[in-house]
A.B. asks: 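First the structure, which I've put down as structure tokens, then a few questions once you've had a look.
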There are 2 protein chains.
Amino acid sequence: MEETDRKILALLAADGRMSYTDIGKHTGLSTSAAQQRVRRLEQRGVITGYHARIDPAALDRTLTAFIAIRPLNPSLHDDLPERMSPIPEIVSCYSVAGDSSYLLKVQVEHPLALEGLLARIRTELAVATLTTLVLSVPFEDRVVL
Amino acid sequence: MEETDRKILALLAADGRMSYTDIGKHTGLSTSAAQQRVRRLEQRGVITGYHARIDPAALDRTLTAFIAIRPLNPSLHDDLPERMSPIPEIVSCYSVAGDSSYLLKVQVEHPLALEGLLARIRTELAVATLTTLVLSVPFEDRVVL
DNA sequence: GTTGAAAATGTTGGCCA
DNA sequence: TGGCCAACATTTTCAAC
């Protein structure tokens with residue numbers, strides 16, 4: 001990956017709606033050259049998508065937490081991700097190696113909702129949970145190239 | 001927050017470059033009505049930004065890990081986030097309540113790089129670390145409205 | 001990579017319910 | 001207030017070089 005492509009990635013990571021014209025200006029390319037570069041980055045799967053980021057508070061999801069889970073009855077066939085999928089409060093799911101099997105990031109309205117969510121997770125998934133509350137987010141998902 | 005705005009948020013969360021014309025088609029609004037809604041959502045801070053998502057593997061960051069950190073010398077003045085900021089491998093930083101003080105998400109090239117990163121974090125920040133390796137990511141940062 | 005021109009989209013102001 | 005329309009500016013797209 002070369003200089004110009006990295007620069008384009010940095011620009012689009014910072015502003016996903018930047019126009020090809022502006023990308024061209026920032027990289028010294030013509031509009032269509034910039035567009036071709038971006039299209040190639042998309043086709044190669046380097047850029048996997050464009051997404052608006054939404055303030056969780058605006059959706060009444062003021063409480064964020066990480067939940068480490070460990071299955072109570074270890075089984076060969078692990079379909080936990082599929083069974084987590086219908087639970088809307090689970091925002092991210094990581095399969096991990098360490099003290100637990102999965103690490104979940106969840107977002108709920110308030111502590112009482114977290115209590116309910118934990119009960120649901122424990123019963124529906126048959127797992128033990130260890131919860132860590134998020135107090136604040138100094139930074140998140142930054143892209144430093 | 002009403003139905004139409006939620007729909008717009010869902011659309012832009014899924015495709016941050018969707019045109020106002022398309023947003024209008026999906027919501028039964030005219031182009032300019034859709035545009036006004038989006039502008040208002042941006043001004044109210046509900047939409048905090050638009051970002052391209054980049055495949056970490058394309059940037060040779062194949063290894064993701066979570067690192068829980070605990071300061072060795074607890075002090076009143078905590079400037080850890082500022083001191084983490086210049087470390088590019090640290091992608092996210094959460095201040096948490098639980099067994100540790102901060103939870104970091106990091107991305108590195110390979111296990112050896114993680115070893116170096118852990119050494120850097122421990123010495124520069126004067127903290128104890130507990131690392132959890134990410135094996136796979138069933139889903140991440142999904143927005144379910 | 002570049003240029004250029006056509007098609008699509010973004011933008012603004014005025015008008016209407 | 002919130003939405004529509006219509007005219008104008010900008011961007012996207014795609015060809016040929």
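Hydrogens, waters and symmetry mates are skipped; everything else that's a heavy atom, side chains included, is used. Within every chain, numbering begins at 1; the chains are lettered A, B, ... in the order of the sequence lines, protein sequences first and strands thereafter.
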A.B. asks: Roughly, in whole Å, what's the span from CD1 in B:Ile23 to P in C:dA8?
C.D. replies: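 The answer, rounded to whole Å, is 19 Å.
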A.B. asks: Could you say whether A:Ala33 or A:Arg17 is positioned toward the 5' end of DNA chain C, judged by the nucleotide with the nearest heavy atom to each?
C.D. replies: A:Ala33
A.B. asks: Mark yes or no for whether A:Ser32, through its side chain, and A:Gln35, through its backbone, hold a donor-acceptor pair below 3.5 Å.
C.D. replies: no
A.B. asks: Among the candidates D:dG2, C:dT2, D:dT12, find the nucleotide nearest to the side-chain atoms of B:Arg40.
C.D. replies: D:dG2
A.B. asks: Tell me the interatomic distance from B:Asp5, atom CG, to D:dT1, atom P, rounded to whole angstroms.
C.D. replies: 16 Å
A.B. asks: Answer yes if the side chains of A:Ser101 and A:Arg70 hold a donor-acceptor pair under 3.5 Å, and no otherwise.
C.D. replies: no
A.B. asks: How long is the line joining CE of A:Met18 and P of C:dG10, in whole Å?
C.D. replies: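 Spelled out: CE on A:Met18 to P on C:dG10 is 17 Å.
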A.B. asks: Round to the nearest Å and state the distance from A:Glu42 atom CD to D:dT12 atom P.
C.D. replies: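 Between P of D:dT12 and CD of A:Glu42: 12 Å.
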A.B. asks: Donor-acceptor pair, A:Arg17 side chain versus A:Tyr50 backbone, under 3.5 Å?
C.D. replies: no
A.B. asks: Distance check needed: D:dG2 P versus B:Gln43 CD, whole Å only.
C.D. replies: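 In whole Å, D:dG2 P and B:Gln43 CD are 12 Å from each other.
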A.B. asks: Is it the case that D:dT10 (base atoms only) and A:Ser19 (side chain only) share a donor and an acceptor within less than 3.5 Å, ignoring hydrogens and angles?
C.D. replies: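 For A:Ser19, whose side chain was compared with the base of D:dT10, there is no donor-acceptor pair (under 3.5 Å).
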A.B. asks: Out of C:dT11, D:dG3, D:dC5, which nucleotide sits closest to the side chain of B:Ser32?
C.D. replies: D:dC5
A.B. asks: Under 4.0 Å between a side-chain N or O of B:Thr21 and OP1 or OP2 of C:dG10?
C.D. replies: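 For C:dG10, OP1/OP2 do have a side-chain N/O of B:Thr21 under 4.0 Å.
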A.B. asks: Hey, does the side chain of A:Arg39 come within less than 4.0 Å of D:dT12's phosphate (OP1/OP2), counting only N and O?
C.D. replies: no
A.B. asks: OP1, OP2 of D:dT13 versus side-chain N and O of A:Gln35: anything below 4.0 Å?
C.D. replies: yes
A.B. asks: When only distance counts, do a donor and an acceptor, one from the side chain of B:Ser30 and one from the base of D:dC5, lie under 3.5 Å apart?
C.D. replies: no
A.B. asks: Can you tell me if B:Arg120 uses its side chain to pair, donor with acceptor, with the backbone of B:Ile87 under 3.5 Å?
C.D. replies: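 Not confirmed, B:Arg120 side chain does not pair with B:Ile87 backbone.
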A.B. asks: Starting from P on D:dG3, measure out to CD on B:Glu3 and report it in whole angstrom.
C.D. replies: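 B:Glu3 atom CD is separated from D:dG3 atom P by 13 Å.
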A.B. asks: Check for a donor-acceptor pair, side chain of B:Arg142 on one end and backbone N or O of A:Ser85 on the other, with a separation under 3.5 Å.
C.D. replies: yes
A.B. asks: Rounded to the Å, how far apart are A:Gln36 CD and D:dT13 P?
C.D. replies: 12 Å
A.B. asks: Calculate the interatomic distance between B:Arg37 atom CZ and C:dT11 atom P; express it in whole Å.
C.D. replies: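 So the CZ-P distance, B:Arg37 to C:dT11, works out to 18 Å.
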